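Report on the following structure.
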Amino acid sequence: MLLALPPQTAPDINSFPQERDAVRNWLDRLSPVNEPEDAAELLRGLRHSNRLTSDPIQRRIVLNEFRPMLSELTQLLSESVSPQPLPMAAPFRHASTTLDELLREEANSWKILLSDTARPELGDTAAAMAALFQQAKVAVQQYRRVPNSCMRDANQVYALAEANGLLPEGSPQRGATSNITANLLDAYAGILILNVIDLRQIRVRQLNLSLSFLANYHDTVRLTQSPTEKTWRHSQCVINLAEPHAPVQAASYLGDFQNDTLRWVNFAALQTAIDTRLARTRTTASMTLGSDTLERQTLIRLSQTLSGHRKRRSARSINYTTAKLSFGHQQIANQLLLDLEQKQPADPNHEMSEESNPKDRSTETFHDRANTEWVRVNTSTQGSGFRSVNPAIGSAQVGELVAIHDDDNHTVLGMVRWVLSADDDLIHIGVEYLSNGMVPVELTRSDADEGVIDGALIIACRISGKVTQTILLPGYRFHTGDRLTASQADKSKQIKLG
C-alpha cells in the first residue's frame, strides 16, 4: 500500500543541510524549549528536510539528530495544552498549532523513510505509528476529533507492516511478540479506541485520567481478518485499511464484507474492563468539576459510547437562531440578582448623588451582559446544541452551568454535556436543560464576617419522583448541615443544607 507523502524536490546549495555535522551545528544554535522563535525554526527545519529527496541512510541520520530535541519540545507543548476549558487563550492556541504541526512532520519523516526503504524495518514502522497515536491523543485532549489524515496514515502504516510480514499472523497475545511489535500494535489500538469512544462528554479533570485508564487496555483490542464470534454484526466493529475512516459497527457497515483490506476489531475485553472498574467504583459527591480519580459518571459514559447503547430521548429540530449565553454559577447568580434589584420600585426619598450614573444601568439587562452571542443549531425538549466563532476565553467546559437567554427575555438554566472544538475555530457545545425557572438569592451565615454575601440559585428538581426545592451553591464554601439565611429584596428565609 502506498503511503500519503508530502511533495519532495532535489536539494541544492540553499537547501537544509543533509550531513550529520551540519545538521548538528544547526540544531546546537536552537533552544526551542525556552524560545518560541526557536521552536518555530525547528519546525521549519524539519518540514524543509521532509520536502527534500534523500537516500534512506542519510535521512535516518538527519532524523536521529532531530529526535532528542523534538521529543523534549513535544513533551513540553503537550503539557502546556493539556485538557482545559475552551476556547484556549492565544498563547495556548499557538502552542497547540505548533504541536500539531511538529507531530505531523515527525510522522511524515517516518513515512518517507518507510516508503524509501526496500523492506520497511519494524522499528521505523512502530515509530511512525507512535507519532500518529500522539497526534490523535493531542487532538482528543483538546476536544477535537481525530483528523481523517491521521486515521488514513495509521491504516496505511498498519497495512504496510502487515504486508511486509512485520506483524504476527492471527491474533496472538502481546506477550508472545517482541516489545517493538507490541508497541506498534498498542499504538494502532490506541488510535482505534480514540476514534470509537466519545470523549467529548468527559470533564476536563477526568480526561487525562480516562486516557491513562484506556491505555492500560490497548493490548486487549483484537484485529483479525474474519469475525471471531457468531454474533459479529452486533458485537464487533470493522475497518477498511484502504480508507481514511474510523472503525464502525459491523451492523452499520455498507461496504463489501469480502474485501481483502477489511479487518475485524473486537473491543469486548475493553468493554469488560470498563464495566468491571465501574462495578468497583463508588459514587462520590464532588463539589468540583471532576475529582482526581475516575468517577462513576465518567466510566458510565465510556461504557455507553463504546457499546453504542446511547439513544436520543426526543427528536431534534434544526434551527439557526441566536441566543446569549452566560457561563458559571457566580456570573449567572450575580446577573440575575442585579436584574431583580433593578426591577424593584425606586425609593422616592432617595437622592441621586453626582457620582451616580443612571444612564444605562436601568435599561441594561441580563441579555445585554451575557458573555457572547451563540447560534442555536438544534433544539429538543431536553436541550440544545450551540456553536460560536468567538466565545469568551475558557468559558465552555463539560459540567459548566449555563444560562440561555433568548430574544423573548426568557432565561433557561442548563449544563454543558459535551464540547467539540472544530478545525474552523468553531466551538460546539451541547447543553442539557436543568430548569425553565430559577430564583436568585443572597446567602449569609450567622458566623460570617459582615458584608460577606454569596449568590445562589434555587430551582425545582424531581428527586425520586417528588419535586423538591434545590439550591445551587458556589463550590468549596458550604457543607451539609450548614444553616444559612437566603434573602431576596426584603424577604428572607432560614435554610439548612441537606
Side-chain angles (χ1 to χ4, degrees), residues 1-4 107 111 114 120 125-126 128-137 139-140 144-172 174 177 181-199 211 214-215 217-274 302 305-310:
M1 179 174 291
L2 297 178
L3 299 175
K111 288 192 303 176
L114 290 173
T125 310
M129 193 68 79
L132 292 170
F133 173 55
Q134 183 67 13
Q135 185 180 345
K137 184 178 178 180
V140 169
R144 293 188 279 116
R145 291 190 176 95
V146 177
N148 288 337
S149 59
C150 178
M151 193 68 250
R152 174 203 65 200
D153 291 343
N155 290 342
Q156 291 177 347
V157 170
Y158 184 86
L160 183 69
E162 196 177 59
N164 285 272
L166 302 180
L167 300 179
E169 296 183 2
S171 181
R174 294 292 204 275
T177 63
T181 303
N183 292 339
L184 169 61
L185 295 173
D186 288 351
Y188 187 57
I191 296 174
L192 298 181
I193 291 172
L194 295 183
N195 275 276
V196 171
I197 290 189
D198 185 3
L199 295 171
L211 293 173
L214 294 172
Y217 299 98
H218 287 176
D219 59 348
T220 65
V221 178
R222 295 288 179 263
L223 267 77
T224 57
Q225 296 186 356
S226 58
T228 57
E229 299 177 6
K230 295 181 180 179
T231 57
W232 53 267
R233 281 192 178 273
H234 304 285
S235 63
Q236 296 186 41
C237 295
V238 293
I239 186 169
N240 193 333
L241 299 180
E243 297 178 356
H245 302 309
V248 297
Q249 290 287 337
S252 304
Y253 184 68
L254 302 178
D256 181 10
F257 282 104
Q258 305 303 319
N259 197 323
D260 292 339
T261 58
L262 198 69
R263 297 294 178 268
W264 298 81
V265 190
N266 194 329
F267 295 106
L270 176 60
Q271 180 76 61
T272 301
I274 295 174
L302 293 178
T305 58
L306 183 61
S307 62
H309 290 164
R310 286 190 303 172

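Because only heavy atoms are used, hydrogens play no part in the values below, and waters and symmetry mates are left out as well, while side chains stay in. All values derive from a computational prediction rather than experimental measurement.
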Is the closest side-chain heavy-atom distance between Ile274 and Leu306 below 4.5 Å? yes

Looking at Asn195 and Ile191, would you say the former's side chain and the latter's main chain have a donor-acceptor pair under 3.5 Å? yes

My understanding is that only one of Ile239, Leu167, Leu132, Leu184 makes a side chain to side chain contact (heavy atoms under 4.5 Å, CB included) with Tyr158; could you say which? Leu167

For the residue pair Phe133 and His218, does the interplanar ring angle fall in the parallel (under 30°), tilted (30 to 60°) or perpendicular (over 60°) class? perpendicular

Got more than 12 heavy atoms from elsewhere within 6.0 Å of CG, Asp260? no

State, yes or no, whether a side-chain contact exists between Thr181 and Pro168 at a heavy-atom distance under 4.5 Å. yes

Going by an N to O cut-off under 4.0 Å, is there a salt bridge joining Glu243 and Arg152? no

Smallest heavy-atom separation, Ala187 atom then Met129 atom, equals CB-CG, 3.6 Å

Where Asn240 and Asn155 come nearest, the two heavy atoms and their spacing: O-ND2, 3.8 Å

Scanning both residues in full, the closest heavy-atom pair of Thr305 with Leu302 reads OG1-O, 3.1 Å

Taking Thr261's backbone N and O only, do any of them form a donor-acceptor pair with Asn259's side chain (distance below 3.5 Å, no angle check)? yes

Closest approach of Arg263 and Leu241, non-hydrogen atoms and distance? CG-CD1, 3.8 Å

Closest contact, heavy atoms only, Tyr217 versus Ala273: CE2-CB, 3.5 Å

Could you give me the CA-CA distance, side-chain angles and deciding distance for Leu211 and Leu194, then say whether side-chain contact (heavy atoms from CB on, under 4.5 Å) is met? CA-CA 9 Å; Leu211 293 173; Leu194 295 183; 3.6 Å; yes

Taking the six-membered ring for Trp, is the centroid-to-centroid distance between Trp264 and Tyr253 below 6.0 Å? no

Quick check against the 3.5 Å criterion: does Lys111 have a side-chain atom that pairs as donor or acceptor with the backbone of Ala4? yes

Is there a side-chain contact between Phe267 and Ile193 (heavy atoms, below 4.5 Å)? yes

Atom of Gln135, atom of Pro147 and distance for their closest heavy-atom approach: NE2-CG, 4.4 Å

